[in-house]
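Everything below concerns the one structure shown next.
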Amino acid sequence: MLETPTRVVVTGAAGFIGSHLCERLLSAGHEVVGIDSFSDYYERASKERNVEAAGKHGSFTLEESDLVDADLDRLLQGATVVFHLAGQPGVRPSWGSHFDRYVHDNIVATQRLLEALREEPVKRLVFASSSSVYGDAEMFPTKETALPRPVSPYGMTKLAAEHLTFVYMRNFGIPATSLRYFTVYGPRQRPDMAFCRFMEALVEEQEIEIFGDGEQTREFTYVSDAVDGTVKAASADVVGQIINLGGGSRVTVNRVLHTLEEISHVQPRRKHLPAAPGDPRHTGASINLAREKLGWEPRVSLREGLTKQWDWFLATSAKSPGVSRR
Ligand code: NAD
Ligand code: UGA
């Protein structure tokens with residue numbers, strides 16, 4: 001499907017992962033229609049910076065719309081593939097009245113997109129799901145066949161959206177694939193995510209806040225690896241499948257801080273807070289299905305990826321350790 005240049009739609013195009021995906025698709029010669037509501041979860045200026053490079057490309061258009069009421073018939077016209085990355089991310093803030101946002105952006109928005117795809121069929125819908133659907137998994141590495149049992153409201157809404165794609169595939173033949181990304185990091189990482197917060201604290205000479213004892217593990221995945229797998233899922237024979245995309249190893253938060261100290265040459269000051277409600281203790285991906293079905297393999301090690309994110313962070317924040325220049 002993506003072997004020859006074609007027209008594709010990327011929802012969540014101004015976000016962290018979506019903006020990287022747009023650039024990858026544009027450099028492969030595709031015409032990309034980006035849709036993003038510029039939701040206020042984090043500052044608009046960051047999202048505008050995210051799409052700066054793609055915006056310079058003649059084959060890129062960006063529509064600022066909420067999927068819930070966007071003119072999707074027009075936006076989907078002539079598209080071969082839809083990459084659905086728009087959503088309200090973040091595990092820990094999904095409690096209380098914030099939950100409404102999660103329902104709107106993760107469930108209702110996905111349902112509207114699926115309805116529109118009944119009228120404007122595409123060859124593939126690739127949906128950005130999440131390792132959060134597993135909750136506290138019983139087995140590691142966790143296979144896609146494990147019973148999903150989210151432990152956060154966020155994870156529950158991502159699982160609901162996965163189920164919705166199945167409902168529309170079963171009833172209307174929409175050719176969907178869901179990818180479960182595992183904690184993605186790299187340049188443009190969202191400001192609420194761990195590595196971004198750790199780097200910010202390092203340059204500000206503030207204490208790094210660790211939720212719990214730091215011995216929780218995550219299968220951190222570098223953004224270019226997540227993008228590789230996402231592009232492959234548009235062409236591979238994977239309709240109806242759910243596939244993990246994980247970075248290849250499971251690491252504790254304490255280990256990340258140790259590696260970051262080696263890279264930055266700054267010793268972090270740590271402050272332990274109670275473990276956060278909604279956080280699973282561990283995540284870890286079995287990536288055999290991605291290997292087999294997508295011919296995909298994660299390529300970027302944690303040290304290499306953290307170094308790239310640190311270099312990007314210093315270049316864009318106008319700060320360096322010990323010298324606050326802003
Ligand atoms: P992000 O917040 O940077 O990007 C999401 C984008 O979607 C934002 O720019 C937002 O404005 C847009 N958006 C939200 N609701 C919308 C709506 N109703 N209509 C149109 N646009 C809307 O987040 P991200 O980290 O790039 O995550 C992208 C996707 O991947 C999300 O669906 C998230 O749940 C999923 N995911 C992310 C990770 C991760 O580690 N970052 C891991 C697993 C899954
Ligand atoms: C990330 C994304 O934010 C979710 O949107 C996504 O769906 C999820 O990955 C996923 O894989 O499904 P999370 O794993 O919480 O969620 O990612 P980080 O914010 O990078 O946190 C990683 C770990 O660091 C967690 O254990 C968290 O408790 C810890 N952490 C985070 C801290 O100790 N301190 C912080 O300041 C932030």
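Since we're looking at a predicted model, the values are computed, not measured. Both ligands and their constituent atoms are indexed starting at 1 by order of listing.
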Taking atom 26 (O) of ligand 2 as the point of reference, which of Lys158, Arg218, Arg270 owns the nearest heavy atom? Arg218

N/O donor-acceptor pair under 3.5 Å between Asn244 side chain and Ser286 backbone: yes

Using a plain distance cutoff, I'd like to know if Lys47 has any nitrogen or oxygen under 3.5 Å from a nitrogen or oxygen of ligand 1. yes

Would Asp279 and Arg92 pass as an ion pair if we require N to O under 4.0 Å? yes

Please state which protein non-hydrogen atom is closest to atom 4 (O) of ligand 1 and give its distance, to 0.1 Å? Gly15 CA, 3.3 Å

Which ligand 1 atoms are under 4.0 Å away from a heavy-atom of Ser130? 43 (C), 44 (C)

Counting C-beta onward and ignoring hydrogens, is there a side-chain heavy-atom pair between Thr142 and Thr283 closer than 4.5 Å? no

Counting heavy atoms only, which of Ala194, Pro89, Ala226, Ser129 is nearest atom 44 (C) of ligand 1? Ser129

With a 6.0 Å cut-off on the ring centroids, do Phe182 and Phe220 count as close? no

Evaluate the side-chain proximity of Thr6 to Glu31: yes if any heavy-atom separation is below 4.5 Å, no if none is. no

Ligand-side contact atoms (ligand 1) for residue partner Met193, heavy atom cut-off under 4.0 Å: 40 (O), 41 (N)

So for ligand 1, is Phe16 a polar contact partner (N or O within less than 3.5 Å, distance only)? yes

Under the criterion side chain to side chain contact (heavy atoms under 4.5 Å, CB included), I'd like the reasoning laid out for Leu21 against Phe83: C-alpha separation, chi angles, the key distance, then a yes or no. CA-CA 9 Å; Leu21 175 64; Phe83 296 95; 3.7 Å; yes

At less than 4.0 angstrom from any non-hydrogen atom of Met193, what atoms of ligand 2 do you find? 1 (C), 2 (C), 3 (O), 17 (O), 19 (O), 20 (O)

Using a strict cut-off of 4.0 Å, indicate which atoms of ligand 1 neighbour a heavy atom of Asp66. 17 (C), 18 (N), 19 (N)

Classify the contact between Tyr154 and ligand 2 as side chain, backbone, both or neither, using a heavy-atom distance cut-off of under 4.0 Å. side chain

Does Ala276 come within less than 4.0 angstrom of ligand 2, counting non-hydrogen atoms of the residue? no

Is the closest basic N to carboxylate O distance between Arg281 and Glu215 below 4.0 Å? no

Nearest neighbour in protein (non-hydrogen) for atom 30 (N) of ligand 2: Phe211 CD1, 3.5 Å

Per atom 9 (O) of ligand 1, closest listed option by heavy atom (Val108, Asp36, Val68, Asn50): Asp36

Side chain, backbone, both or neither: which part of Phe38 comes within less than 4.0 Å of ligand 1 when only heavy atoms are counted? backbone

Within the 4.0 Å heavy-atom shell around Glu209, which atoms of ligand 2 are there? 32 (C), 33 (O), 34 (N), 35 (C), 36 (O)

Close approach of Arg180 to ligand 2, heavy atoms, under 4.0 angstrom: no

Check whether any N or O atom of Ser131, backbone or side chain, sits under 3.5 Å from an N or O atom of ligand 1, and answer yes or no. no

Looking only at protein heavy atoms, which one is nearest to atom 3 (O) of ligand 2, and how far off is it? Arg190 NH2, 2.7 Å

For atom 15 (O) of ligand 2, what's the nearest protein heavy atom and its distance? Arg92 NH1, 2.8 Å

If you compare Leu113, Ile17, Thr283 by their heavy atoms, the one closest to atom 26 (O) of ligand 1 turns out to be Ile17

Does Arg270 have more than 12 heavy atoms from other residues, nucleotides or ligands lying within 6.0 Å of its CZ? yes

For Arg190 and Tyr42, what are the C-alpha separation, side-chain angles and deciding distance, and is it a side chain to side chain contact (heavy atoms under 4.5 Å, CB included)? CA-CA 8 Å; Arg190 299 190 330 259; Tyr42 58 95; 3.8 Å; yes

Are any of the N/O atoms on Ala109, whether in the backbone or the side chain, positioned under 3.5 angstrom from an N/O atom of ligand 1? no

Contact atoms of ligand 2, heavy-atom distance to Ile210 under 4.0 Å: 33 (O)

Indicate yes or no: does Arg118 engage Glu115 in a salt bridge with an N to O separation below 4.0 Å. yes

Closest non-hydrogen protein atom to atom 16 (O) of ligand 2, residue and atom name please, with distance? Val91 CG2, 3.7 Å

Ion pair Glu144/Arg180, N-O distance below 4.0 Å: no

Looking only at protein heavy atoms, which one is nearest to atom 29 (C) of ligand 2, and what is the separation? Gln216 NE2, 3.9 Å

Over 12 foreign heavy atoms within 6.0 Å of CZ, Phe166: no

Side chain to side chain contact (heavy atoms under 4.5 Å, CB included) between Ser46 and Arg188, worked out: CA-CA 8 Å; Ser46 303; Arg188 302 183 197 155; over 6 Å; no

Under a 4.0 Å N-O cut-off, is there an ion pair linking Asp71 with Arg74? yes

For atom 10 (C) of ligand 2, find the nearest protein heavy atom and state the residue, atom name and distance (0.1 Å precision). Ser131 OG, 3.1 Å

For ligand 2, indicate whether the residue Phe198 contacts it via side chain, backbone, both or neither (heavy-atom separation under 4.0 Å). side chain

Atom indices of ligand 2 within 4.0 angstrom of Tyr181 heavy atoms, with elements: 10 (C), 11 (O), 12 (O)

Please list, in number order, the atoms of ligand 2 under 4.0 Å from a heavy atom of Gly90. 5 (O)

Option passing side-chain contact (heavy atoms from CB on, under 4.5 Å) with Tyr168 (candidates Leu117, Leu113, Leu125, Leu114): Leu114

For ligand 1, which is the ligand I care about here, please tell me if Tyr42 has any N or O atom under 3.5 Å from one of the ligand's N or O atoms. yes

Protein heavy-atom partner closest to atom 34 (O) of ligand 1 - residue, atom, separation in Å: Tyr154 OH, 2.7 Å

Does the N or O separation between Ile35 and ligand 1 drop below 3.5 Å for any pair? no

Give the residue and atom name of whichever protein heavy atom lies nearest to atom 28 (O) of ligand 2, and the separation in Å to one decimal. Asp279 OD2, 2.5 Å

Suppose we measure from atom 20 (O) of ligand 2 to each protein heavy atom; which comes out shortest, and what is that distance? Ala194 N, 3.1 Å

Where the closest heavy atom to atom 22 (C) of ligand 1 is concerned, which of Ser39, Gly186, Ser37 has it? Ser37

Have a look at ligand 2 and work out which part of Val253, if any, has a heavy atom under 4.0 Å from it: side chain, backbone, both or neither. side chain

Numbered atoms and elements of ligand 2 in range of Phe182, under 4.0 angstrom, heavy atoms: 11 (O)

Would you say Thr221's side chain and Glu219's backbone share a donor-acceptor pair under 3.5 angstrom? yes

Pair Arg303 + Glu262: basic N to acidic O under 4.0 Å: yes

Pull out every atom of ligand 1 sitting under 4.0 Å from any heavy atom of Leu85, numbered as shown with elements. 28 (C), 29 (C), 31 (C), 32 (O)

Side chain to side chain contact (heavy atoms under 4.5 Å, CB included) for Leu62 and Val51? Distances and angles first, verdict last. CA-CA 9 Å; Leu62 181 63; Val51 276; 4.1 Å; yes

At what distance is the nearest protein heavy atom to atom 32 (O) of ligand 1, and which residue and atom is it? Lys158 NZ, 2.8 Å

